[in-house]
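Indexing begins at 1, ligand by ligand and atom by atom, following the structure's order. Computed from a predicted structure; not experimentally measured.
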Amino acid sequence: MRICVLGGDGYCGWAAALYLSRAGHEVAIVDNFLRRQWDFELGVQTLTPIQPLADRIRVWQELTGKSIELFIGDVADYDFLSSMFEDFQPDTVVHFAEQRSAPYSMIDRKHAVFTQVNNVVGTLNVLFAIKEFKPDCHLIKLGTMGEYGTPNIDIEEGYIQIEHNGRTDLLPFPKQPGSFYHLSKVHDSHNMMFACKIWGLRATDLNQGVVYGTVTDETSLDEALINRFDYDDVFGTVLNRFCVQAVTGHPLTVYGKGGQTRGFLDIRDTVRCIELACLNPAKAGECRVFNQFTEQFSVLELARMVEAASRKMGLHVDVDHLPDPRVEAEQHYYNAKHSKLLDLGLQPHYLNDSLLDSLMNIAVKYQDRVDTSVFLPQVNWRNARNRRSKLQAAAAIAALESKS
Ligand code: NAD
Ligand code: USQ
């Protein structure tokens, strides 16, 4: 297949592009390096020393003999996207290219507006480009489990059969997202459903849970292929953050009671899920939804697991309960269905002791790159104007000056 990976310089996109390339597909990466710019803006960096994209791709080609085409540009720029479609003619587009941090979208008005414009316009452009240049192309779009929120009923995969006043219908599952970022995904989902209905496009909305880990079979082939591992308060996801906090002896930052329960998956399962969706495309006119996660945990359960793994390594770690900077249920019912990808053949990597040890060991390996000032949350949902960017940039500049 000719597969175009939008956002292929990012965390999930890089791992997926290599996996699909190794599996024998013709792969193109599209990215405009916004993610690297956000690191500069916030004064943070990934724990792992990622290489420039062109270098990563060159090393991949030298090691495997497989080439990956590169298109540098903005998915939200329709002229750029059109020329990419005409040139590469994808059979499948895997769309990761969005601003994906909930805290980033909650910094202030500017960041909320940017997030929704970047994400919603980007996805609309992809839908129009498919319609205009390759109507049979299968769109695989990364959504999020956070679209559903935490309702007091079981969460279905995208649609729910509802009986009302004696009549029944299969309707989109109600959405109760918890940030302007998560809202952008809901808007995308509605636009995709509508485009499939009116133009007969084929799409798969992958409502992914929180991803952890950094190593895949492909990225471990060479240090130059190493993937991102974010642990800061804005882009770092919870388990990755806890592992880095533990190895530096920092108390684990559980927000509130820690009963917040989410779906989780290993990055190796992310890439396999993408492949399964590619190999089993949606039908023309179908906008199907898969819930993409393998296990659910509460934040406090994860903290206890990391605490136990640390003890085995001879590290003492405390678990702190900080006031929750987010507006979210701290204790709630959660039972989300996730059988469709298993039915297609997914064999999950479950979070066991050895997997947790390997995550902790990555944190140990790059410990000297850790900036402990980004452990505490600095974006509060209740404020319309957080000072996160300016403060952090000032701290980063001061740190640079003290080093030079
Ligand atoms: P990431 O930030 O590491 O990667 C996103 C990539 O897209 C970056 O390289 C960025 O430069 C690029 N990008 C963003 N906007 C762009 C634009 N307008 N044009 C071109 N490139 C653009 O994010 P990630 O963690 O790899 O997440 C990828 C997707 O998966 C996102 O849509 C995210 O919402 C979804 N997702 C991620 C997680 C997770 O835990 N990481 C969980 C669920 C869903
Ligand atoms: N949390 C803590 N302590 C921390 C960090 C987070 O208790 O130090 C809590 C949060 O309050 C939240 C939960 O952990 O309740 C998950 O937070 P997170 O930052 O790990 O993940 P989230 O903001 O939900 O976003 C991430 C990705 C996003 C993706 C989403 C999937 O950044 O792109 O859409 O996971 S889901 O959670 O299913 O919506």
Study note, to complete from the structure: Heavy atoms of A282 and A203 approach each other most closely as CB-O, 3.5 Å
**Study point:** atom 19 (O) of ligand 2: nearest protein contact (heavy atom, Å)
**Key:** R326 NH2, 3.0 Å
Check your understanding: Heavy atoms only: which of G10, S101, A15 is nearest to atom 4 (O) of ligand 1?
Key -> G10
Practice item. Please determine if Y11 has a nitrogen or oxygen closer than 3.5 Å to a nitrogen or oxygen of ligand 1. Key: yes
Check your understanding: Just by distance, with hydrogens left out, do N386 and N383 show a side-chain donor and acceptor under 3.5 Å apart?
Key -> yes
Exercise for review: Before giving the answer on side chain to side chain donor-acceptor pair (under 3.5 Å), spell out for D205 and S189 the whole-Å C-alpha distance, their side-chain angles and the decisive distance to 0.1 Å.
Suggested key: CA-CA 7 Å; D205 205 353; S189 295; 2.7 Å; yes
Check your understanding: Is ligand 1 less than 4.0 angstrom away from at least one heavy atom of G73?
Key -> yes
Check your understanding: Taking only heavy atoms of T253, which atoms of ligand 2 are found under 4.0 Å from at least one of them?
Key -> 2 (C), 3 (N), 4 (C), 7 (O), 8 (O)
Review point. Got an N/O contact under 3.5 Å between V238 and ligand 2?
Key: yes
Review point. Taking non-hydrogen atoms only, is V299 closer than 4.0 angstrom to ligand 2 via side chain, backbone, both or neither?
Key: side chain
Point to revise | Pick from H182, R100, H95: the one approaching atom 24 (P) of ligand 1 most closely through a non-hydrogen atom | key: R100
**Study point:** Where ligand 1 meets N118 - atom numbers and elements under 4.0 angstrom, heavy-atom basis
**Key:** 15 (N), 17 (C), 18 (N)
Review point. By number and element, which atoms of ligand 1 are closer than 4.0 Å to a non-hydrogen atom of G7?
Key: 6 (C), 7 (O), 12 (C)
Point to revise | ligand 1 atoms in contact with D74 (distance to a heavy atom under 4.0 Å) | key: 17 (C), 18 (N), 19 (N)
Point to revise | Side chains of D136 and H138, donor plus acceptor under 3.5 Å | key: no
Point to revise | Pair Y181 and Y104, ring centroids less than 6.0 Å apart | key: no
Exercise for review: Record the part of E328 in heavy-atom contact with ligand 2 below 4.0 Å; permitted values are side chain, backbone, both and neither.
Suggested key: side chain
Practice item. Give, for atom NE2 of H250 and atom CG of D318, the distance between the pair rounded to the nearest 0.5 Å. Key: 10.5 Å
Check your understanding: Quick one: nearest non-hydrogen protein atom to atom 8 (C) of ligand 1, plus distance?
Key -> R35 CB, 3.4 Å
Review point. When rounded to the nearest 0.5 angstrom, what distance separates NE2 in H111 from CH2 in W38?
Key: 10.0 Å
Practice item. Under 4.0 Å from a heavy atom of K185: give me the atoms of ligand 1 that qualify, with their elements. Key: 31 (C), 32 (O), 33 (C), 34 (O)
**Study point:** For atom 22 (C) of ligand 1, the option (of N227, N32, L34) bearing the nearest heavy atom
**Key:** N32
Exercise for review: Output, in order, the C-alpha distance, side-chain angles, deciding distance and verdict of side chain to side chain donor-acceptor pair (under 3.5 Å) for S184 and E98.
Suggested key: CA-CA 9 Å; S184 75; E98 297 205 327; 4.7 Å; no
Check your understanding: Is there a heavy atom of Y181 sitting under 4.0 angstrom from any atom of ligand 2?
Key -> yes
Practice item. List the steps and the verdict of ring-ring contact (aromatic ring centres under 6.0 Å, His included) for Y148 and F173. Key: CA-CA 7 Å; Y148 304 118; F173 196 91; 5.4 Å; yes
Review point. Purely on distance, is any nitrogen or oxygen of G146 under 3.5 Å from one on ligand 2?
Key: yes
Revision key, fill the gap. Of T219, I226, V271, D9, the one forming a side chain to side chain contact (heavy atoms under 4.5 Å, CB included) with W14 is T219
Practice item. Answer with yes or no whether G263 contacts ligand 2, where contact means a heavy atom under 4.0 Å from a ligand atom. Key: no
Practice item. Give yes or no for whether the N/O distance cutoff of 3.5 Å, strictly under, is met between V211 and ligand 1. Key: yes
Review point. With only distance considered, is Q245 within less than 3.5 Å of ligand 2 through an N or O on each side?
Key: no
**Study point:** For atom 35 (C) of ligand 1, the protein heavy atom that lies nearest, with its residue and separation
**Key:** L142 CB, 3.8 Å
Practice item. May I ask you to identify the nearest protein heavy atom to atom 37 (O) of ligand 2, giving residue, atom name and distance to one decimal place in Å? Key: V210 CG2, 3.3 Å
Check your understanding: Which is closest to atom 34 (O) of ligand 1 by heavy-atom distance: F235, F96, Y181?
Key -> Y181
Check your understanding: Under a heavy-atom criterion of less than 4.0 Å, does Q208 contact ligand 2?
Key -> yes
Check your understanding: Should you measure from each heavy atom of A102, which atoms of ligand 2 turn up under 4.0 Å away?
Key -> 23 (O)
Point to revise | Sub-3.5 Å N/O-N/O distance, T237 and ligand 1 | key: no
Review point. Are the charged groups of D266 and R268 less than 4.0 angstrom apart, N to O?
Key: yes
Practice item. Would you mind listing which atoms of ligand 1 come within a distance below 4.0 Å of any non-hydrogen atom of G143? Key: 44 (C)
Exercise for review: Distance to 0.1 Å, residue and atom name: give those for the protein heavy atom nearest to atom 30 (C) of ligand 2.
Suggested key: T144 OG1, 3.7 Å
Revision key, fill the gap. Near V75 (heavy-atom distance under 4.0 Å), the atoms of ligand 1 are 17 (C), 18 (N), 19 (N), 20 (C)
Practice item. Pull out every atom of ligand 2 sitting under 4.0 Å from any heavy atom of T237, numbered as shown with elements. Key: 20 (O), 26 (C), 27 (C), 32 (O)
Review point. Taking the side chain from R241 and the backbone from D232, do they hold a donor-acceptor pair closer than 3.5 Å?
Key: yes
Review point. Which atoms of ligand 1 sit under 4.0 Å from any heavy atom of F33?
Key: 11 (O)
Practice item. Assess H182 for proximity to ligand 2: is some non-hydrogen atom of it under 4.0 Å away? Key: yes
**Study point:** N or O contact, R100 vs ligand 2, cut-off under 3.5 Å
**Key:** yes
**Study point:** Where D188 and N119 come nearest, the two heavy atoms and their spacing
**Key:** OD1-O, 3.4 Å
**Study point:** Distance-only side-chain donor-acceptor flag, Y231 / D371, under 3.5 Å
**Key:** no
Exercise for review: Specify the closest pair of heavy atoms between S21 and K66, including all atoms of both residues, with the distance to one decimal.
Suggested key: O-CD, 3.1 Å
Exercise for review: Could you tell me whether M145 approaches ligand 2 through its side chain, its backbone, both or neither, with non-hydrogen atoms closer than 4.0 Å?
Suggested key: both
Study note, to complete from the structure: Rounded to the nearest 0.5 Å, the CZ atom of R56 sits from the CG atom of L18 at a distance of 8.0 Å
Point to revise | No-hydrogen, no-angle side-chain donor-acceptor test under 3.5 Å, Q176 and T150 | key: no
Check your understanding: Among protein heavy atoms, which sits nearest to atom 1 (N) of ligand 2, and what does the distance come to when rounded to 0.1 Å?
Key -> Y255 CD1, 3.4 Å
Check your understanding: Would a 4.5 Å heavy-atom cut-off, applied to side chains only, mark D31 and L70 as touching?
Key -> no
Point to revise | G146 touching ligand 1 at heavy-atom level, < 4.0 angstrom | key: no
Check your understanding: Going from CG on L201 to NZ on K131, what distance comes out if it is rounded to the nearest 0.5 angstrom?
Key -> 7.5 Å
**Study point:** Q208 vs T144, side chain to side chain contact (heavy atoms under 4.5 Å, CB included): CA-CA, chis, key distance, verdict
**Key:** CA-CA 5 Å; Q208 187 170 235; T144 173; 5.9 Å; no
Revision key, fill the gap. The answer for which part of R241 has a heavy atom under 4.0 Å from ligand 2 is side chain
Practice item. State whether the shortest distance between N or O atoms of C12 and N or O atoms of ligand 1 falls below 3.5 angstrom. Key: yes
